[in-house]
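This report refers to the structure that appears directly beneath it.
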Amino acid sequence: MNIEEKAYNPKSVEENILNFWQDNNLYSPEYKSNKNRKKTFSIILPPPNANSSLHLGTMSGNTIQDILGRYHRMIGDKVLLIPGKDHAAIQTEVVFEKILEKKGIKKRDLTREDFYTQCYEFCMQNRKIAKTQELNIGLSADYSRERFTLDNDITNMVYDTFIRMFNEGYIYRGKRIINWCIKDQTALADIDTEYREEEGKLYYIKYGDLTVATTRPETKMADVALAVNPKDKRYKHLIGKSIQIVSIEGERSLPIIGDRGVDPEFGTGVLKVTPGHSKEDFKIGENNNLPIISVIDTRGRITYGKYKDLKIKEGREKIVEDLQKLGLIEKIEDIKHNIQICERCKQEIEPLISYQWFIRTKDFAKEAIKASENNEIHFYPKRQENNYMRFLENIEDWCISRQQWWGQRIPAYYCGGKETIIDSKGDITEKILGCGEIIVSKDKPNECPKCGNKNIVQDEDIFDTWFSSTQWPYSVLGGVGSKDYKEFYPTNVMETGRDILFFWVARMVMMCIYTTGKVPFSKVYLHGLVLDKEGQKQSKSKGNGIDPKDMIDKYGTDALRLSLVSSISPDQDFRLYDEKVKGFRNFINKIYNSSRFIFLKIGDLTEDEKSKLKKLIASGNIHTKTNIKIHAEMHDHISNINRFMKNFEIGLAAFQIQNFYHHTFCDIYLEEMKAHNSIEAKADLINIFLQNILLMHPFIPFITENIYQILKEENLIDSSEDSIMYEKYPGIK
RNA sequence: GGGUUCGUAGCUCAGUUGGUUAGAGCACAACAUUGACAUUGUUGAGGUCACUGGUUCGAAUCCUGUCGAACCCACCA
């Protein structure tokens, strides 16, 4: 810092400080000052997706993580923040396919290997950019330990888990109804889908004497029953009977069953049961032992009779036309209804019957629930615990296979390969062509262990990205039993966005308890989303995103950090915009100028005077007549900040350090001190100043490190530490 | 349908277990500034703390209900 300049120039200062921290390896738990530290504090940083540069939301999380890390370093813990990057299976595949499309290349033009290699390259470039961004925001993570979720050893651990779960019966290959994305050509877990309200039509179709209201007449041929509510007086007497119908599929008989899930208020109160193309109906089918018929394939085309190969919507029109000709359409109403869409590509989801890999989640969920009940895991804010519990209590089996290329290929092998057949009745079966054996193994077996068949074919599918990322807390440390695992696992805090509580946090607890026997972290802090000035979610499609780099270039990193955390509360979304960051820049400048003033005031002391000054500070007996009040206020301030930090009230702490420095330290104390020039007064000034700088360091690390270094250069403080990062936090013994 | 959060100054937001006169920043007005800072300071104006009823010596804070906004989960056949 050149204190000749009237205004603070963050750019050059931050660059120097950053180099100083990195060159000396200060972020590492192996750094010399950590040598005698026993208590560890570790955070697994949520690995951002390696398919783009970081957005502000990720960086707001990084800032909170870093504040916690720096605070704990200063209260004497051996701190490890572990960075990583996530391959983000489907999302990255979608993003990368678009990039290829721009070059006029279609995914299927490439071999699987080429696609993978190119996508890997793409991710490595983003990984580098993201790392630079993380470093620039001051994230004090140990990059010698940085990992990518597709690193070989990580994948190996993921495979080990899969194999163990398979052998213990927690993983099965099953025929179930799944969410199928026709655009992405893959199965999706429920959680990977969203709902969107759309205008549609409700068709009232005659089934013999009864009328059924449906939005999906094209699945009519897959009906296997009609269902009514057992309490519905209109239809109660029909339960257990059958109805003869004549319709486009000819003459046939459908059983009438009772199911409590049928809403008597909707339509006519009669539901057509289509287990092959509706999740609810699939459940009804299971409960009543009904057959399953499929009439739509994975391309979203009809497979039945004369409608074969028509797209769903074309088929619907044609079928309605034919029904009308037969006089079977009673009426058509307009309806607003929610359609299920793919979270990634936003296209409509088709529920289809398919063979996929599933995890039996019920037992795992029980353990994860127990962890919370036994107070082994705490949520900030506490109310999120309810969401966590409700998710786990209602959890369904987790579909972990995806029909994609970018990710970890499932280590399952089929004797002779497999094929899926829809028979003439519309029944889907998966047939393993050899002796029927499925071999789960990390390496490809030479032959089938059961029948000796040499023709062994690997499953084409990859894992859901969350299958690997939920194992991240121990895999990133090198796995169970590794040196880092022993020292840093379980970790202390999971700090992440409130939007991935279910995707990641809850499943991480389940998976890690299974693989390590321990709850992976004892505290979960969930932050809100960063919104734009109008309170809208920032997104690339809206173009309302704020580029973190712009803010840093314009106002400096410390200013941006403060604006990301000051006055926030956990879980609560907050707005960020130019003027806000500018305000914090003004505060940082205030710190600069006040320090400039202090250095001018201290003036050129002789070495004797400096040593007297330091002795006065060390003795603690430096009260001067004019400023007794400040000591009491400092004392309260320090204990408040420590209390806030312990309760994860980061927003309050950030707000208070700024407020105190500006309006108590500068506006009152510093003004008063203008009249005092004794060595005692100067000692007092330096002492209070230093306390404030230390208090502020976790939040605004750059300027505080810079001031600290000047205090040392000027020989105004004594310390064996090279950096403020390892100084003792005020109020901590 | 179930759940959560929010509603405080013109705007953006704090308000730590219920406790004097409800705070900050931005914006606004006036004044000041020769030991730092016009990216500053001082002072001021600006609030029925959404509304309603209750608990309490005392409510922005706790409880009932209403209105408005946002979000999550489930489902819409």
Side-chain angles (χ1 to χ4, degrees), chain A residues 3-8 190-191 194-195 197-198 200 202-203 212-217 219 223 226-227 259 261-263 265-274 277-281 284 335-340 351 381 383-384 386-387 390-391 393-394 396 498-499 501-502 528-529 531 533-537 555-556 559 563 566-580 582-603 640-641 643-644 647 649 651-656 658-659 662-663 666-668 670-671 673-675 677:
Chain A
I3 57 166
E4 299 304 311
E5 280 178 44
K6 278 199 154 195
Y8 180 54
D190 288 346
I191 204 173
E194 297 172 347
Y195 290 90
E197 191 175 78
E198 277 197 0
L202 186 62
Y203 304 88
V212 170
T214 180
T215 54
R216 304 219 46 196
T219 62
D223 295 345
L226 296 183
D259 189 282
V262 179
D263 177 5
E265 304 292 317
F266 187 91
T268 59
V270 184
L271 169 72
K272 71 187 197 64
V273 182
T274 320
H277 296 290
S278 154
K279 274 190 275 179
E280 270 309 288
D281 294 8
I284 297 175
I335 187 181
K336 265 190 187 166
H337 64 147
N338 283 336
I339 57 156
Q340 198 180 8
R383 59 174 172 269
Q384 286 288 359
N386 298 331
N387 288 334
R390 211 174 314 121
F391 172 76
E393 280 158 8
N394 299 317
E396 301 276 341
R498 62 134 222 266
D499 51 331
L501 175 64
F502 304 142
L529 309 175
L531 308 174
K533 198 179 179 184
E534 273 70 46
Q536 299 288 310
K537 202 171 159 178
Y555 301 123
S563 63
S566 184
S567 293
I568 59 160
S569 21
D571 187 73
Q572 218 58 38
D573 297 349
F574 66 97
R575 305 180 191 205
L576 191 97
Y577 43 88
D578 194 282
E579 299 93 305
K580 197 167 177 176
K582 188 176 169 184
F584 288 104
R585 187 272 314 266
N586 294 354
F587 171 62
I588 301 297
N589 189 59
K590 183 80 182 174
I591 299 176
Y592 168 79
N593 265 300
S594 54
S595 65
R596 196 170 151 234
F597 169 67
I598 289 165
F599 289 122
L600 287 172
K601 182 174 174 64
I602 296 297
N640 282 340
I641 297 300
R643 196 180 72 242
F644 291 147
N647 296 334
E649 289 171 313
L652 273 176
F655 179 75
Q656 290 287 4
Q658 176 188 357
N659 201 42
H662 199 153
H663 302 298
C666 288
D667 293 351
I668 299 170
L670 215 49
E671 288 301 321
M673 287 305 280
K674 285 180 178 172
N677 287 303

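In the text below, chain A, chain B and the rest are named by the order of the sequence lines, each starting its count at 1. The analysis underlying the following values was restricted to heavy atoms, covering all of them including side chains, and did not include hydrogens, waters or symmetry mates.
The backbone N or O of A:F655 sits nowhere less than 3.5 Å from a side-chain atom of A:N659 that would complete a donor-acceptor pair. Formation of a donor-acceptor pair under 3.5 Å by the A:N647 side chain with backbone atoms of A:E649 is not found in this model. Between the side chain of A:Y592 and the backbone N or O of A:E5 there is at least one donor-acceptor pair closer than 3.5 Å. Checked by atom type and distance alone, the side chain of A:K580 pairs as donor or acceptor with a backbone atom of A:R575 at under 3.5 Å. In terms of modelled atom types and a separation under 3.5 Å, the side chain of A:N593 and the main chain of A:K6 share a donor-acceptor contact.
In this structure, the nucleotide among B:A77, B:U4, B:A24 sitting nearest to the side chain of A:N659 is B:A24.
Nucleic acid contact for A:A213: sugar-phosphate only, since backbone atoms but no base atoms lie under 4.0 Å from a heavy atom of the residue. Among the heavy atoms of the strands lying under 4.0 Å from A:V262 is at least one base atom, whether or not backbone atoms are also near. Among the protein residues, A:E280 comes within range of the sugar-phosphate backbone only, with heavy atoms under 4.0 Å from sugar or phosphate atoms but none that close to a base. Note on A:N677: a base of the nucleic acid sits closer than 4.0 angstrom, heavy atoms only.
Note that CD1 of A:I588 and CD of A:Q658 are 8.0 Å apart. Values are rounded to the nearest 0.5 Å. The CZ atom of A:F391 lies 15.0 Å from the CG atom of A:N386; values are rounded to the nearest 0.5 Å.
Applying the side chain to side chain contact (heavy atoms under 4.5 Å, CB included) criterion to A:L202, with sequence neighbours excluded, gives A:Y204, A:A213, A:T215, A:F266, A:E333, A:I335. Scanning for salt bridge (charged side-chain N to carboxylate O under 4.0 Å, His left out) contacts around A:R216 gives A:E218, A:E350, with sequence neighbours left out. Under the rule for a side-chain hydrogen bond (donor to acceptor under 3.5 Å, both in side chains), the partners of A:R643 that lie at least two apart in sequence or sit in another chain are A:N640. Checked against side-chain hydrogen bond (donor to acceptor under 3.5 Å, both in side chains), A:N677 has the following partners two or more places apart in sequence or in another chain: A:K601. Take A:E671 and apply the salt bridge (charged side-chain N to carboxylate O under 4.0 Å, His left out) test, not counting sequence neighbours, and it matches A:K674. With sequence neighbours left out, A:Q384 forms a side-chain hydrogen bond (donor to acceptor under 3.5 Å, both in side chains) with A:N387, A:D571. Residues passing the side-chain hydrogen bond (donor to acceptor under 3.5 Å, both in side chains) test with A:D281 are A:S278, sequence neighbours excluded. In terms of the salt bridge (charged side-chain N to carboxylate O under 4.0 Å, His left out) criterion, A:D263 has no residue partners (sequence neighbours excluded).
Annotation: B:C72 and B:G15 have their C1' atoms spaced 27 Å apart (nearest Å). Across the P atoms, B:A50 and B:U61 are found 8 Å apart, a figure rounded to whole Å. Comparing the C1' positions of B:U66 and B:G25 gives a spacing of 34 Å, expressed to the nearest Å. Taking atom C1' on both B:U55 and B:C11, the two are 36 Å apart, rounded to the nearest angstrom. When the C1' atom is compared between B:G10 and B:C28, the two are found 9 Å apart, to the nearest whole Å. On the C1' atoms, B:C67 is 41 Å away from B:A30, given to the nearest whole Å. Comparing B:A69 with B:A60, their P atoms are spaced 26 Å from each other, to the whole Å. Of the C1' atoms belonging to B:U17 and B:C73, the separation is 32 Å, rounded to the nearest Å.
Between A:N386 atom CG and B:G2 atom C1' the separation is 13 Å, expressed in whole Å. The distance from atom CZ of A:F391 to atom C1' of B:G2 is 17 Å, rounded to the nearest whole Å. Between the CZ atom of A:F584 and the P atom of B:C26 there is a distance of 10 Å, given to the nearest Å. Taking atom CD on A:Q658 and atom C1' on B:G25, their separation rounds to 8 Å, with Å as the unit. Taking atom CZ of residue A:F502 and atom P of nucleotide B:U4, one finds them 13 Å apart after rounding to whole Å. Atom pair A:L501:CG and B:U4:C1' shows a separation of 12 Å (rounding to whole Å applied). As rounded to whole Å, 13 Å separates atom C1' of B:C75 from atom CG of A:N394. The distance between atom CD of A:Q384 and atom P of B:C73, rounded to the nearest whole Å, is 11 Å.
Side-chain contact check for A:D190 versus A:K279: some heavy-atom pair is nearer than 4.5 Å.
Between A:T215 and B:A77, a side-chain N or O to OP1/OP2 separation shorter than 4.0 Å is present.
Secondary structure note: stems in RNA chain B built from 3 or more consecutive Watson-Crick or G-U wobble pairs under 3.5 Å occupy B:1-7 with B:67-73, B:10-13 with B:23-26, B:28-32 with B:40-44.
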Quiz item: Can you give one letter per nucleotide of nucleotides 59-65 of chain B, 5' to 3': B if a protein heavy atom sits under 4.0 Å from the base, S if only from the sugar-phosphate, - if neither?
Solution: -------

Exercise. For nucleotides 36-47 of chain B, just jot down a letter per nucleotide in 5' to 3' order: B, S or -, based on protein non-hydrogen atoms under 4.0 Å.
Key: BB-BSSS-----

Output one line per pair: protein atom, nucleotide atom from nucleotides 10-20 of chain B, and distance, for all N/O pairs under 3.5 Å.
{"from": "B:U12", "atom 1": "OP1", "to": "A:R575", "atom 2": "NH1", "distance (Å)": "3.4"}
{"from": "B:U12", "atom 1": "O4'", "to": "A:Y577", "atom 2": "OH", "distance (Å)": "3.4"}
{"from": "B:U12", "atom 1": "O3'", "to": "A:R575", "atom 2": "NE", "distance (Å)": "3.4"}
{"from": "B:U12", "atom 1": "O2'", "to": "A:Y577", "atom 2": "OH", "distance (Å)": "3.1"}
{"from": "B:C13", "atom 1": "OP1", "to": "A:R575", "atom 2": "NE", "distance (Å)": "2.7"}
{"from": "B:A14", "atom 1": "OP1", "to": "A:S569", "atom 2": "OG", "distance (Å)": "3.4"}
{"from": "B:A14", "atom 1": "O5'", "to": "A:S567", "atom 2": "O", "distance (Å)": "3.3"}
{"from": "B:U16", "atom 1": "O2", "to": "A:R643", "atom 2": "NH2", "distance (Å)": "2.8"}

